[in-house]
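Down below is the structure, laid out as structure tokens.
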Amino acid sequence: MTALKIGIAGGGVGGLAAAIALKAQGHDVTVFEQARGFSRVGADINLTPNVVRAIDGLGAGAAIRRLGAQPTFRISRDWDTGQETSRLGMAGEAERRYGAPQVTIHRADILAALAAQFPLEQIRFAQRIQTLAQNDQGAQLVFEDGHSETFDVVVGADGIHSRVRTALFGEESPRFTGVVSFRSVVPTERVRHVPEIEAFTKWWGPNPQSQIVTFPLNQGRETFIFATTGQDSWTEESWTSEGDVNELRGFYQDFHPDARALLAACDSTLKSALYEREPLPRWSVGTVTLLGDACHPMLPFMAQGAGMAIEDAVVLGRCLAGVATRSAAVQALQTYENARRERTAQIQIGSRGNQWMKTQGNADWVYGYDAWHVDLPTA
């Protein structure tokens with residue numbers, strides 16, 4: 001088979017997952033990442049069973065299990081009474097039910113696990129995309145340093161500010177949701193007295209904007225604390241800035257003592273604005289397509305943002321299996337889009353509503369999805 005020459009804009013979680021999946025199909029893949037290298041920045045990530053199963057097929061499952069933690073349960077509690085409103089077994093029970101556990105991990109660790117499955121020499125760092133164009137020769141990526149490269153297929157995995165998306169569909173600014181988040185990591189020993197600290201626990205606030213989520217990291221040695229609250233506007237130049245732990249504690253002063261104890265353990269916090277876009281009606285034009293936050297950025301309330309990008313990557317690889325021409329690639333990308341658009345839109349909208357699993361419900365439609373074996377529609 002003649003391999004397609006594929007360029008991927010973005011070397012984050014979704015871009016690396018796509019690179020692995022496409023290389024496994026025999027394609028010639030190059031990843032372009034604007035950062036100068038992988039560094040320990042970014043948020044901590046909740047990989048639910050559907051995502052861990054996808055990562056297993058990419059060859060990185062053992063590494064993420066070694067580097068991350070496996071919460072015992074997924075628990076929901078009322079913000080003031082502490083009453084438990086739902087409980088879902090994870091760890092061994094999720095392994096039995098879904099074929100994989102939940103793994104909570106730092107973004108840098110999942111990047112390291114994925115990067116180990118793809119040749120480093122095929123990742124080009126410090127390469128910022130300016131725009132792209134399509135012609136009879138293929139899809140041409142134009143870079144800010146002035147050079148350009150042409151590919152049979154281009155995948156835009158370049159995030160919520162995607163320049164590939166802008167080139168395909170025009171400029172559109174993401175919308176501030178009126179919600180801000182606080183992120184902190186503390187040694188688990190400081191919060192060991194909080195009941196079931198080894199679980200993934202969500203404290204549901206008095207309104208959909210307000211919550212506190214905790215889960216273990218680093219094989220349980222650290223605990224991640226994520227809190228959100230409403231805010232009318234965001235005037236900071238950056239989406240993320242140093243936060244004030246006293247402000248953080250003030251927002252939740254009426255929460256249950258166990259929830260407040262989590263915030264009392266925080267020495268510092270990062271404050272971020274949460275942005276989103278509406279679901280796109282289409283992702284692909286010609287032999288260029290989008291993946292992950294480039295086409296379906298979502299709020300974190302279902303913990304599926306990174307997971308949807310990884311599922312996208314697996315399905316994209318499957319759709320391009322055996323494809324050797326650009327004309328066939330056009331059809332394959334349409335199949336990929338048709339396979340993924342409804343699911344990601346459903347989760348995107350569900351994340352916005354922030355009601356999923358507040359009370360006992362069926363998680364199978366999210367956690368039971370198998371990107372490696374789901375039926376692929378016709379284009």
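Sequential numbering from 1 along the given sequence is applied to the chain's residues.
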query: When rounded to the nearest 0.5 angstrom, what is the spacing between NE2 in His296 and OG in Ser351?
result: 11.0 Å

task: In plain terms, say whether Arg165 and Asp293 are close enough for a salt bridge, that is, a side-chain N and a carboxylate O under 4.0 Å apart.
output: no

message: Are Val29 and Ile123 linked, directly or through intermediate hydrophobic residues, by side-chain heavy-atom contacts shorter than 4.5 Å (ILVMFWY only)?
response: yes

query: With side chains defined as the heavy atoms from C-beta onward, is the minimum distance between Phe125 and Gln34 less than 4.5 Å?
result: no

query: Can you name the closest pair of heavy atoms from Ala294 and Leu280 and give their distance?
result: O-CD1, 4.5 Å

- prompt: If only atom types and distance count, is the side chain of Ser184 paired as donor or acceptor with the main-chain N or O of Ser268 below 3.5 Å?
  reply: yes

- request: Decide, yes or no, whether a salt bridge links Arg340 with Glu311 under the criterion of side-chain N to carboxylate O below 4.0 Å.
  value: yes

- line: For Glu196 and Thr201, the nearest pair of non-hydrogen atoms, with its separation, is O-OG1, 4.1 Å

query: Between Gln25 and Leu22, is any pair of side-chain heavy atoms under 4.5 Å apart?
result: no

query: Can we say Arg65 and Asp56 salt-bridge, meaning some charged N sits less than 4.0 Å from an Asp/Glu carboxylate O?
result: yes

query: Taking all non-hydrogen atoms of both residues, which atom of Phe215 and which atom of Asn46 are closest, and how far apart?
result: CE2-CB, 4.3 Å

- request: Please check if the side chain of Gln134 supplies one atom and the backbone of Val285 the other of a donor-acceptor pair under 3.5 Å.
  value: yes

- prompt: Sub-3.5 Å donor-acceptor pair from the side chain of Asp364 to the main-chain atoms of Tyr367, do we have one?
  reply: no

- prompt: Are the side chain of Arg163 and the backbone N or O of Ile129 linked by a donor-acceptor pair below 3.5 Å?
  reply: yes

query: Around atom CD of Gln122, are there more than 12 heavy atoms of other residues, nucleotides or ligands at under 6.0 Å?
result: yes

message: Can a donor-acceptor pair be found, under 3.5 Å and without considering hydrogens, that links the side chain of Thr223 to the backbone of Pro187?
response: no

- request: Verify the neighbour count for atom NE2 of His161: are there more than 12 heavy atoms of other residues, nucleotides or ligands below 6.0 Å?
  value: yes

query: In terms of hydrophobic clusters joined by side-chain contacts under 4.5 Å, are Leu47 and Val314 together?
result: yes

message: Would you compute the distance between atom CG of Leu333 and atom SG of Cys319 and round it to the nearest 0.5 angstrom?
response: 8.5 Å

task: Examine distances only and state if a side-chain atom of Trp283 and a backbone atom of Arg341 form a donor-acceptor pair shorter than 3.5 Å.
output: no

field: Heavy-atom neighbours of Lys5 NZ exceed 12 at 6.0 Å
entry: yes

message: Restricting to non-hydrogen atoms, name the atom on Ala261 and the atom on Val191 that form the minimum distance, rounded to 0.1 Å.
response: O-CG1, 4.3 Å

message: When you measure from the centre of the six-membered ring of Phe182, is the NZ or CZ of Lys271 closer than 6.0 Å and no more than 45° off the axis?
response: no

message: Within the structure provided, determine whether Gln102 and Leu88 are in side-chain contact (heavy-atom separation under 4.5 Å).
response: no

query: Are any of the side-chain heavy atoms of Leu67 and Ile64 separated by less than 4.5 Å?
result: no

message: To the closest 0.5 Å, what do you measure between CZ (Arg221) and OG1 (Thr188)?
response: 9.5 Å

task: Would you check if the side chain of Arg53 reaches a backbone N or O of Tyr369 as a donor-acceptor pair within less than 3.5 Å?
output: yes

message: If hydrophobic clusters are built from ILVMFWY residues whose side chains come within less than 4.5 Å, do Val142 and Leu290 share one?
response: no

Aromatic contact, Trp79 with His256 (centres under 6.0 Å): no

query: Run the salt bridge (Lys or Arg N to Asp or Glu O under 4.0 Å) check on Asp267 and Arg190 step by step: do they pass?
result: CA-CA 11 Å; Asp267 292 329; Arg190 290 189 190 174; 2.8 Å; yes

- prompt: How long is the gap from OG1 on Thr85 to CE on Met357, to the nearest 0.5 Å?
  reply: 9.0 Å

- request: Please check if the side chain of Arg277 supplies one atom and the backbone of Glu172 the other of a donor-acceptor pair under 3.5 Å.
  value: yes

- request: Please work out whether the ring planes of Phe143 and Phe32 are parallel, tilted or perpendicular, with thresholds of 30° and 60°.
  value: tilted

task: With Arg87 as the cation and Phe73 as the aromatic partner, state whether NZ or CZ is under 6.0 Å from the six-membered ring centre and within 45° of the axis.
output: yes

query: Any link between Val52 and Val13 through a network of hydrophobic side chains (Ile, Leu, Val, Met, Phe, Trp, Tyr) touching at under 4.5 Å?
result: yes

- prompt: Roughly how far, to the nearest 0.5 Å, is CD of Glu276 from CZ of Arg352?
  reply: 4.0 Å

query: How long is the span from the CD1 atom in Ile349 to the CG atom in Leu299, to the nearest 0.5 Å?
result: 12.0 Å

task: Verify, without hydrogens or angle tests, whether Thr325 (side chain) and Ala328 (backbone) share a donor-acceptor contact under 3.5 angstrom.
output: yes

- request: State plainly whether one hydrophobic cluster holds both Phe38 and Ile310, where clusters connect Ile, Leu, Val, Met, Phe, Trp and Tyr through side-chain heavy atoms under 4.5 angstrom apart.
  value: yes

Main-chain N/O of Gln209 paired with Asn207 side-chain donor or acceptor, under 3.5 Å: yes

message: Parallel, tilted or perpendicular, judged at 30° and 60°: which one describes the rings of Trp234 and Phe176?
response: tilted

- request: With Lys358 as the cation and Trp356 as the aromatic partner, state whether NZ or CZ is under 6.0 Å from the six-membered ring centre and within 45° of the axis.
  value: no

